[in-house]
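Order of the sequence lines sets the chain letters (A, B, ...), proteins ahead of strands, with each chain counted from 1.
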Number of protein chains: 2
Amino acid sequence: MVTIYDVAAKANVSAMTVSRVINNTGKISEKTRAKVKRVMEEMNYVPNQTARNLVLQQTKLLFLLITDITNPFYMTVARGAEDAAKKNGYRLLFGNSDEDLEKEADYISTILTMRVDGVLIAPTGDPSLANLEALHKHKVPLVLLDREVPGINCDIVLGDSKEGARELVEHLIENGHQRIALVNGDSSISSARLRLQGYREGLLLNQIELHENYIYEASFGAKHDLSRLSEWLKQLTPPPTAIVAGNNILAVEILRVLEEQNIDVPEQLSLVCFDDLGPYSESKPFLTVAAQQAYQFGYLGIQMLVDRIQEREAELPYRKIVLPAHLQKRRSVKKLSTST
Amino acid sequence: MVTIYDVAAKANVSAMTVSRVINNTGKISEKTRAKVKRVMEEMNYVPNQTARNLVLQQTKLLFLLITDITNPFYMTVARGAEDAAKKNGYRLLFGNSDEDLEKEADYISTILTMRVDGVLIAPTGDPSLANLEALHKHKVPLVLLDREVPGINCDIVLGDSKEGARELVEHLIENGHQRIALVNGDSSISSARLRLQGYREGLLLNQIELHENYIYEASFGAKHDLSRLSEWLKQLTPPPTAIVAGNNILAVEILRVLEEQNIDVPEQLSLVCFDDLGPYSESKPFLTVAAQQAYQFGYLGIQMLVDRIQEREAELPYRKIVLPAHLQKRRSVKKLSTST
DNA sequence: TTGTATGCGTTATCAG
DNA sequence: CTGATAACGCATACAA
């Protein structure tokens, strides 16, 4: 590998001069600048970021840790985060915890040892507390994404889960539905809890009685035991006329189950969910969803993170951004003429 | 930040001893080892990877550069790559070139400056040659993924695009189809060229005449001008009874267009494509696809890369792995009774 | 405008 | 078994 000294030697200057040319710092005569640049070209010199990191005590690296790499919601988050990072002169690395606390811990240790400048993280759930505390202990700037964790105090960007869920429920009610089931994520996740709240409120505000057995707790990640879900659905009496899914992944899994049971959406059962389906939202059966502003999640999250890094001394008060979800009416909800 | 010297001081040993404890090298008495470990715990010491990288002249970092982060095919590739990297003691970083030559160049320069140990890359197409040559020039170990680039010589893992396309076509023919259109990726991409070849062969072997106007060249990435595709489709006379899509993304876009035109799949038009649809393959309308072994692409690609890094001196001959595609028959192909 | 000395945190080498 | 010293490649502070 050619180093700054090799370049310096060949250009008959000191290493410092080369360094100045690279970083555009200090004053340099145009002549030597040109010469140095030429030599760098000739030798295919590439600065060693590792050495730079060591002396500068910063890596200009941000890390985005998400919980499900196959979820289009997070893919869009990643896009927004990437753009914001680039705009601020940072590079962005990704990691995928797969909704798994241990994988998350693994990544945290990677992050610590790599001396990443800051982290934007969607925690796996409340038990992430220990992992996040490790970051805090080492003073790694941190922004939470999509999910709150009781006990941890930091910047955060969230969706309005409660309100979104309520809207989904009320949309169903407006279409004549009364028997509405909920298939939700793990209750150790703040957004799942809020969606449940929104669901309850939606029913309550419309004087519809809540049946506990209409609520099913699964996980936001994929790979469920579909047969269990299937059994639960079959045994519901009277059967619901509509289902609210806690997120897009759950909606897709519900679709599979319904497919197997030869239940048509929306003819026989209506289905709505949180989060859009990305590139596939256009495939039938056109799910009606409460779409979250995924790109903004990533973009604003990184922006807050960069602010925090750059104002490290300033001790800014922690900020909390809550982004509303927007109801995208498509075709998975049937209008019931007679309320049953 | 607490350094190895802080630990050493507190433990009354030299920095070297601490280093030995961390890396489990050399001989150390159990007593001092225990003491050092205890002090490390107490002080929350985390080794500085940056400093390590500098002295070891390696980062234990591999980079996976893909062309479309929203494509489930690449997501699965990423999973395989991640697993293989972990198994070999490397960390994996991701990048997304978005089928854009310049973004690709950006990432290449990142990779160079970060001193990543090796790169697994799906090039954007033949013009990637210059980008790849930059890697070669700096002797960065390199494995190509999914697409060949004329002029570059290195390890590569590919799908059997020609054979896969031929199978798709012949599957359609077996079901009575004769007027089969192809919506393909950019012909500057090797896999697109091979899929075209397979398409041609499939027709030829069955004595079906090829109509050039049945071939549409789009891009494997998303965000097309759907109206152009739509126009093309409408003006075909006689209209095809089936379409082969060059990849999953194209298939989804075709679905959208057909939806707009109120053309039902498979009743009015059959549709098949390359690559599976990931979590959404189970949604209607159950596309019949030539599924590639995405996980193996990533896994084997990284494995080859690690081999190459570790046998750097050995000058292994370049290897080329070609993985067959498997036809997944689902329900997007209609059996025609009379061949039209 | 340019150069010299020094340190960033770690490990390899060699000595004890 | 343990420690002192040098080196990795670069940038900061200070000198010239």
Mind checking whether A:Phe297 and A:Tyr74 have ring centres under 6.0 Å apart? no
side-chain contact (heavy atoms from CB on, under 4.5 Å) between B:Gln293 and B:Leu300, worked out: CA-CA 11 Å; B:Gln293 303 173 55; B:Leu300 296 175; over 6 Å; no
What's A:Leu56 touching, base or sugar-phosphate or nothing? Going by heavy atoms closer than 4.0 Å. sugar-phosphate
Note: chain A reaches DNA chain C at heavy-atom distances under 4.0 Å over the stretch, first to last nt, 5' to 3', of C:dT1 to C:dG9
CG/B:Leu64 to CG/B:Leu93 distance, rounded to the nearest 0.5 angstrom? 9.5 Å
What's the verdict on side-chain contact (heavy atoms from CB on, under 4.5 Å) for B:Arg115 and A:Met1, showing C-alpha distance, side-chain angles and the deciding distance? CA-CA 10 Å; B:Arg115 298 296 197 267; A:Met1 282 283 92; 3.7 Å; yes
Where chain B begins and ends its contact with DNA chain D, read 5' to 3' at 4.0 Å from heavy atoms: D:dC1 to D:dG9
Hey, does A:Ile28 reach any base, or is it just sugar-phosphate, or nothing, if we go heavy atoms under 4.0 Å? sugar-phosphate
Bend angle of the helix from C:dT1-D:dA16 to C:dG16-D:dC1, from helix axes over five pairs at each end, nearest 10°: 40°
Between A:Ala15 and B:Asn12, which is nearer to the 5' end of DNA chain D once each is assigned its nearest nucleotide? B:Asn12
Between B:Glu99 and B:Ser219: side-chain donor-acceptor atoms closer than 3.5 Å: no
For the student: nearest non-hydrogen atoms of A:Tyr45 and A:Val2, plus distance: CD1-O, 3.4 Å
Considering every strand and a 4.0 Å limit on heavy-atom distances, what is the contact class for B:Thr32: base, sugar-phosphate, or nothing? sugar-phosphate
Which residue lies more 5' along DNA chain C, comparing B:Val55 with A:Met16 via nearest heavy atoms: A:Met16
Looking only at heavy atoms, the pair that brings B:Leu54 and B:Gln57 closest together is O-OE1, 3.2 Å
Check this for me: A:Lys37, atom NZ, are more than 12 non-hydrogen atoms of other residues, nucleotides or ligands nearer than 6.0 Å? no
Reckon A:Asn53 touches a base, only the sugar-phosphate, or nothing at all at heavy-atom distances under 4.0 Å? nothing
Audit row: A:Gln303, A:Asn88, side-chain hydrogen bond (donor to acceptor under 3.5 Å, both in side chains) steps and yes/no: CA-CA 8 Å; A:Gln303 193 59 57; A:Asn88 286 284; 3.3 Å; yes
Select base, sugar-phosphate, or nothing to describe what A:Thr50 touches, counting heavy atoms under 4.0 Å on all strands. nothing
Do B:Asn23 and B:Thr25 have a side chain donor and acceptor closer than 3.5 Å? no
